[in-house]
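One structure is given below, encoded as structure tokens.
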Amino acid sequence: MTKLLKRSFFERSTLDVAPELLGKVIVLRQSKKIKKTGIIVEVEAYTHDDPACHAARGKTPRNEVMFGPGGYSYVYFIYGMYHCLNFVTEREGIPGAILIRALEISDENERVASGPGKLCRYLQITKKHNKLDCCDIDSPLIVTAYNSNKLKDTSIIQAKRIGISKAAHYPWRWYIKDNPYISKK
DNA sequence: GACCGGATCCGT
DNA sequence: CGGATCCGGTCT
């Protein structure tokens, strides 16, 4: 495995890291073997001074990983049936995270991972995957830089966030232009 | 201990 | 547009 993303990649401003995650690859492993991979094609940023961020009102058992070092996973359960996957950003002490909203899965239907709940369902990500150090080469969940040429168009579009009531107008969603795997019809 | 809304998805 | 379905946060 090569091009593992370093902690220094994640420990920067959330708004800088978010668009740079597009095109990177999530790798899920089980017993040292690669189980599933997906290319990140849509993300959303949540920052420490953001009313929609789970950490906006301070540390709780659920969100505590967001206050730690960057590069860790933050997985939470929502609407009684879905999980959502984030990667923690910013240096220790400053909460921040990037929600992964859609993945391009080769040899799969465009819609199997076209939403934050759907991609966790497809990858079988649950709260067991919370607080994993994704910068550790031995972690079951890591992120690597994409190194083949399957992405045809890598232009990035910035847009308003989706599905939240607070601060929904913040233009903190990014996706790959014309990519058929992004969320929303 | 109780209440209630939610970073979603799907079928109508 | 509403229903599914349950947890975490907040208040009592």
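Just so we're clear, the structure is a prediction, and the values are computed from it rather than from any experiment. The chains referred to below are lettered A, B, ... by the order of the sequence lines, with proteins before strands, and numbering in each begins at 1.
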Touch class at under 4.0 angstrom, heavy-atom based, for Arg101(A) against every strand present: sugar-phosphate
Sugar-phosphate only, base, or nothing, as touched by Tyr79(A) at under 4.0 Å among non-hydrogen atoms: base
[options]: which one has an atom nearest the side-chain heavy atoms of [X]?
X: Arg57(A); options: dA4(C), dT10(C), dG6(B); result: dT10(C)
X: Met81(A); options: dC7(C), dA4(C), dC9(B); result: dA4(C)
X: Lys127(A); options: dC7(C), dC10(B), dA7(B); result: dC7(C)
X: Lys118(A); options: dT8(B), dG9(C), dC10(B); result: dC10(B)
X: Ser165(A); options: dG6(B), dT8(B), dC10(B); result: dG6(B)

Between [N] ([atom2]) and [X] ([atom1]): distance, integer Å:
X: His83(A); N: dC6(C); atom1: NE2; atom2: C1'; result: 11 Å
X: Tyr82(A); N: dA4(C); atom1: OH; atom2: C1'; result: 8 Å
X: Arg111(A); N: dC10(B); atom1: CZ; atom2: C1'; result: 13 Å
X: Met66(A); N: dG8(C); atom1: CE; atom2: P; result: 16 Å
X: Ile162(A); N: dT8(B); atom1: CD1; atom2: P; result: 8 Å
X: Ile164(A); N: dC9(B); atom1: CD1; atom2: C1'; result: 17 Å
X: Leu85(A); N: dT8(B); atom1: CG; atom2: P; result: 14 Å
X: Asn63(A); N: dA7(B); atom1: CG; atom2: C1'; result: 13 Å

Distance, C1' atom - from dG5(B) to dG2(C), rounded to whole angstrom: 16 Å
Any donor-acceptor N/O pair, Ser73(A) side chain to Leu132(A) backbone, under 3.5 Å: yes
Check: Lys128(A) main-chain N/O paired with Thr126(A) side-chain donor or acceptor under 3.5 Å: yes
Closest-nucleotide ordering on DNA chain C, the 5'-leading residue of His54(A) and Gly80(A): Gly80(A)
Opposite nucleotide pairing with dC3(B), Watson-Crick or G-U, both atom distances under 3.5 Å: dG9(C)
With a cut-off of under 6.0 Å to the ring centre and 45° to the axis, is [X] in cation-pi contact with [Y]?
X: Arg12(A); Y: Phe9(A); value: yes
X: Arg161(A); Y: Tyr46(A); value: yes
X: Lys160(A); Y: Tyr170(A); value: no

Donor-acceptor pair (no angle test) under 3.5 Å: Tyr76(A) side chain, dA7(B) base: yes
Respond yes when some side-chain nitrogen or oxygen of [X] is under 4.0 Å from OP1 or OP2 of [N], and no when none is.
X: Arg161(A); N: dT8(B); result: no
X: Thr60(A); N: dG9(C); result: yes
X: Arg62(A); N: dC7(C); result: no

Contact nearer the 5' end of DNA chain B, comparing Lys166(A) with Pro116(A): Lys166(A)
Contact nearer the 5' end of DNA chain B, comparing Gly115(A) with Ile78(A): Ile78(A)
Salt bridge Arg7(A)-Asp133(A), side-chain N to carboxylate O under 4.0 Å: yes
